[in-house]
Amino acid sequence: MARILLIEDSPTDTAVLTQLLERNGHQVLASGSAEDGIAMCKRELPDLVLMDIILPGMNGFQATRALSKDAATSAIPVLIVSTKSMETDRAWGLRQGARDYIVKPPREDVLIARINELLHS
């Protein structure tokens, strides 16, 4: 079981992803904005962060960069889960420090496999 921080502004996506993660034995912390998510990440030090890109205020790319550049959170893997499906978005997300990038809606088996890979790498 891992503690996973979900940074997602859509209540529907938050509910769906939370149920999926909890069904697979993970504990979920949730934040509706990048700024709150960064603060929560520094405070809670989760095992992994699931990051949306399109967020109010600071976007997920900026938040990923902030987490990957901060010594307190740089070791926490960030997995971007976004509706933005262009290869340039994926490449940019990885350049900001994300360890992986999945397009919404993710298949449960694929998402859980990617999470497990990141937790054990």
Side-chain angles (χ1 to χ4, degrees):
M1 177 177 90
R3 292 175 68 236
I4 298 175
L5 172 58
L6 176 58
I7 301 177
E8 168 65 65
D9 64 324
S10 161
T12 301
D13 286 350
T14 297
V16 168
L17 288 169
T18 297
Q19 287 176 350
L20 183 158
L21 294 167
E22 288 177 345
R23 184 168 55 240
N24 285 276
H26 298 294
Q27 178 185 352
V28 180
L29 307 165
S31 174
S33 74
E35 294 86 353
D36 288 345
I38 290 169
M40 187 179 284
C41 190
K42 289 179 181 182
R43 186 174 62 248
E44 299 290 336
L45 299 175
D47 299 306
L48 183 129
V49 175
L50 289 184
M51 179 77 71
D52 188 21
I53 295 300
I54 302 168
L55 296 164
M58 178 188 283
N59 69 42
F61 291 132
Q62 294 165 316
T64 297
R65 185 170 51 245
L67 291 174
S68 69
K69 300 279 188 234
D70 188 313
T73 55
S74 63
I76 300 169
V78 175
L79 171 55
I80 293 175
V81 182
S82 176
T83 55
K84 295 175 74 61
S85 60
M86 299 287 291
E87 182 55 34
T88 51
D89 295 317
R90 183 181 193 287
W92 186 245
L94 296 175
R95 282 188 65 187
Q96 303 315 301
R99 306 274 177 88
D100 208 343
Y101 191 109
I102 294 179
V103 176
K104 286 181 188 173
R107 280 190 20 213
E108 182 168 347
D109 59 335
V110 172
L111 179 62
I112 295 303
R114 298 271 182 87
I115 287 170
N116 289 336
E117 286 171 23
L118 291 171
L119 290 172
H120 298 102
S121 62

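All figures in this text were calculated on a predicted structure; none of them were measured in a lab.
Of all the heavy atoms in Leu5 and Pro46, the pair that sits closest is CB-CG, 3.7 Å. Residues Met40 and Ala30 share a closest heavy-atom pair of CE-O, 3.5 Å. Smallest separation of non-hydrogen atoms from Arg99 and Leu94: C-CD2, 3.9 Å. The two atoms that bring Gly32 and Leu55 nearest to each other are O-CD2, 4.4 Å, heavy atoms only.
Under the side chain to side chain donor-acceptor pair (under 3.5 Å) criterion, Arg95 pairs with no residue, sequence neighbours left out. Residues that satisfy the salt bridge (Lys or Arg N to Asp or Glu O under 4.0 Å) test with Arg43, not counting sequence neighbours, are absent from this structure. Listed by chain and residue number, Arg65 satisfy the side chain to side chain donor-acceptor pair (under 3.5 Å) test with Gln96 (two or more places apart in sequence, or in another chain). For Lys42, the side chain to side chain donor-acceptor pair (under 3.5 Å) partners two or more places apart in sequence, or in a different chain, are Asp70.
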Donor-acceptor pairs under 3.5 angstrom involving side-chain atoms of residues 72-88: please list them, not counting sequence neighbours.
from, atom 1, to, atom 2, distance (Å)
Thr73, OG1, Leu67, O, 2.7
Ser82, OG, Lys84, N, 3.0

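When hydrophobic clusters are built by joining Ile, Leu, Val, Met, Phe, Trp and Tyr residues whose side-chain heavy atoms come closer than 4.5 Å, directly or via intermediates, Ile102 is grouped together with Leu119. Transitive grouping of hydrophobic side chains (ILVMFWY, heavy atoms separated by less than 4.5 Å) keeps Ile112 and Val16 in distinct clusters. Cluster annotation: Leu6 and Leu29 are assigned to distinct hydrophobic clusters (Ile/Leu/Val/Met/Phe/Trp/Tyr, side-chain heavy-atom contacts under 4.5 Å, transitive). Transitive grouping of hydrophobic side chains (ILVMFWY, heavy atoms separated by less than 4.5 Å) keeps Leu17 and Met51 in distinct clusters.
Pairs passing the salt bridge (Lys or Arg N to Asp or Glu O under 4.0 Å) check and including a residue from residues 111-121, sequence neighbours excluded, read Asp100-Arg114. Applying the salt bridge (Lys or Arg N to Asp or Glu O under 4.0 Å) rule to pairs touching residues 71-81 yields nothing, sequence neighbours excluded. Pairs engaging residues 12-29 under the side chain to side chain donor-acceptor pair (under 3.5 Å) rule: Asp13-Lys104, Arg23-Glu108, Asn24-Glu108 [sequence neighbours left out].
With a 4.5 Å cut-off on side-chain heavy atoms, Asp36 and Ile7 do not count as touching.
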side-chain contact (heavy atoms from CB on, under 4.5 Å) between Asp89 and Ile53: does it pass, once the steps are laid out?
CA-CA 9 Å; Asp89 295 317; Ile53 295 300; over 6 Å; no

Please report the C-alpha distance between Cys41 and Val49 in whole Å, then the side-chain angles of each, then the deciding distance to 0.1 Å, and finally whether the side-chain contact (heavy atoms from CB on, under 4.5 Å) criterion is met.
CA-CA 8 Å; Cys41 190; Val49 175; 3.9 Å; yes

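Between atom CG of residue Leu20 and atom CG of residue Leu111 there is a gap of 5.5 Å, rounded to the nearest 0.5 Å.
Judged by distance alone, with hydrogens and angles left aside, the side-chain atoms of Asp9 form no donor-acceptor pair with the main-chain N or O of Ser33 at under 3.5 Å.
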